[in-house]
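Have a look at the structure below before the remarks.
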Amino acid sequence: MSGLRIAVSKGRILDETLPLLARIGIAPAGEIGRRLIVDTTVPGVQLIIIRATDVPTYVAYGAADAGIAGKDVLLEHGGEGLYEPLDLGIARCRLMVCGYPDAPLPASRLRVATKYLNITQRYYAERGVQAELIKLYGSMELAPLVGLADCIVDLVDTGNTLRANGLAPLEHIADISSRLVVNRASMKLKLPAVERLIGDLRAATGEGADAPA
Ligand code: ATP
Ligand code: PRP
């Protein structure tokens, strides 16, 4: 599997990805610490550690051959230049419209705060709803509480963050999990290594275990 650079993001995805990679024999060589490029126990296989939202960009441009990214990030990016061969089944959650339960319809245009502008724009356009979108970078739950927005589009897992702030999930947009993405050129030029990575990860995650051969 030599000559592969794999992009992963810090935080939740890295925490869930490292055990998965360990199962297929890929482990960071030493502490990751604040390093951004990390060699692994497999010669030639490197990890790069970047922001979650940057994973599709690095992989689409070929700066990484493959990457692990949430479906939310991929939907928002659009997926151009990427293959998405495998659902890894980690970091599962739902992308939802959330707000005050039983809130009256706003007198004017619905105001929606989110970091997912493209997904949200598509969602309301498909429903013929005119919405004003407000871009935020985190802690979206605050926006309805202080009158910045009528509702938010954000990820929900346990629902604890919503409940703690008196909000509720209102509309389901998409089920989310992390996916393996592969650069289109690497798929051709490094086919044996990429196929091995996909095969090993598929076996490790159990995806396709019940599928016909
Ligand atoms: P950044 O570092 O760019 O601010 P982030 O804060 O979104 O990114 P994480 O919170 O680690 O980074 O989220 C990374 C991915 O994990 C998300 O894109 C999503 O796919 C998934 N995720 C986020 N929140 C949850 C959650 N509460 N439960 C399960 N999966 C989640
Ligand atoms: C994510 C998401 C929600 C929360 C949902 O935030 O944006 O706020 O998790 O999870 P829950 O339903 O289990 O409460 P995260 O913890 O990643 O913080 P962030 O604001 O830095 O993205």
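Just so you know, ligand 1 is whichever comes first in the structure, and atom 1 is the first atom listed for that ligand. Computed from a prediction, not measured in an experiment: that's the story for all the values here.
- For ligand 1, the atoms closer than 4.0 angstrom to any heavy atom of I176 are 20 (O).
- In the model, Q121 has no side-chain atom that pairs as donor or acceptor with a side-chain atom of Y116 under 3.5 Å.
- Taking each heavy atom of I13 and S178 in turn, the nearest pair found is CD1-OG, 3.5 Å.
- Taking a cut-off of under 4.0 Å to the non-hydrogen atoms of D157, the atoms of ligand 1 that pass are 26 (C), 27 (N), 28 (N).
- Of the protein's non-hydrogen atoms, R51 NE, 3.3 Å is the one closest to atom 1 (P) of ligand 1.
- The residue among I152, T161, D72 with a heavy atom at the shortest distance from atom 14 (O) of ligand 2 is T161.
- Using modelled atom types, one side-chain atom of D87 and one backbone atom of G89 make a donor-acceptor pair closer than 3.5 Å.
- The residue E16 has no part lying near ligand 1, judged by heavy-atom distances below 4.0 Å.
- For ligand 2, the atoms closer than 4.0 angstrom to any heavy atom of D154 are 2 (C), 3 (C), 7 (O), 8 (O).
- Residues in residues 99-126 take part in no salt bridge (Lys or Arg N to Asp or Glu O under 4.0 Å) pair, two or more places apart or across chains.
- Every pair tested for salt bridge (Lys or Arg N to Asp or Glu O under 4.0 Å) that includes a residue from residues 16-34 fails, sequence neighbours excluded, so the list is empty.
- Counting only heavy atoms of the protein, atom 10 (O) of ligand 2 lies nearest to D157 N, 3.8 Å.
- Ranking the protein heavy atoms by distance from atom 26 (C) of ligand 1 puts R12 NH1, 3.2 Å first.
- Atom numbering of ligand 2 starts at 1 in the shown order; those under 4.0 Å from a heavy atom of T158 are 11 (P), 12 (O), 13 (O), 14 (O).
- A heavy-atom distance below 4.5 Å is not found between the side chains of L167 and T161.
- Close approach to V73 involves these atoms of ligand 1, each under 4.0 Å from a residue heavy atom: 18 (O).
- The heavy-atom pair separating G67 from V55 by the smallest distance is CA-CG1, 4.1 Å.
- The protein non-hydrogen atom at the shortest distance from atom 5 (C) of ligand 2 is L155 O, 3.4 Å.
- One finds the CE atom of M187 at 13.5 Å from the NZ atom of K190 (value rounded to the nearest 0.5 Å).
- Per-residue contacts place G70 under 4.0 angstrom from the following atoms of ligand 1 (heavy atoms of the residue considered): 20 (O).
- Here the straight-line distance linking atom CD1 of I68 with atom CG of L201 works out to 6.0 Å at 0.5 Å rounding.
- For atom 8 (O) of ligand 2, a protein heavy-atom neighbour is found at a distance under 4.0 Å.
- Between G159 and ligand 2, at least one N/O pair is under 3.5 Å apart.
- A 4.5 Å side-chain heavy-atom check between I152 and V97 finds every atom pair outside the cut-off.
- Those atoms of ligand 2 that come under 4.0 Å of a heavy atom in V156, given as number and element, are 12 (O).
- When each atom of ligand 2 is checked for a heavy atom of R12 under 4.0 Å away, the hits are 15 (P), 16 (O), 17 (O).
- Close approach to S139 involves these atoms of ligand 2, each under 4.0 Å from a residue heavy atom: 20 (O).
- Considering backbone and side-chain atoms alike, K71 places every N or O at 3.5 Å or more from each N or O of ligand 1.
- Annotation: side chain of S177 is not in contact with side chain of I90 (no heavy-atom distance under 4.5 Å).
- Grouping the Ile, Leu, Val, Met, Phe, Trp and Tyr side chains by contacts below 4.5 angstrom, directly or via other members, places V59 apart from L86.
- The shortest distance between side-chain heavy atoms of I6 and L197 falls below 4.5 Å.
- The proximity of D54 to ligand 1, defined as any non-hydrogen pair under 4.0 Å, does not occur for either the backbone or the side chain.
- Counting atoms of ligand 2 from 1 in the listed order, those under 4.0 Å from a heavy atom of E141 are 3 (C), 8 (O).
- With respect to atom 22 (O) of ligand 2, the closest heavy atom belonging to the protein is K115 NZ, 4.0 Å.
- Per-atom contact check: atom 19 (P) of ligand 2 does not touch the protein, criterion being a heavy-atom distance below 4.0 Å.
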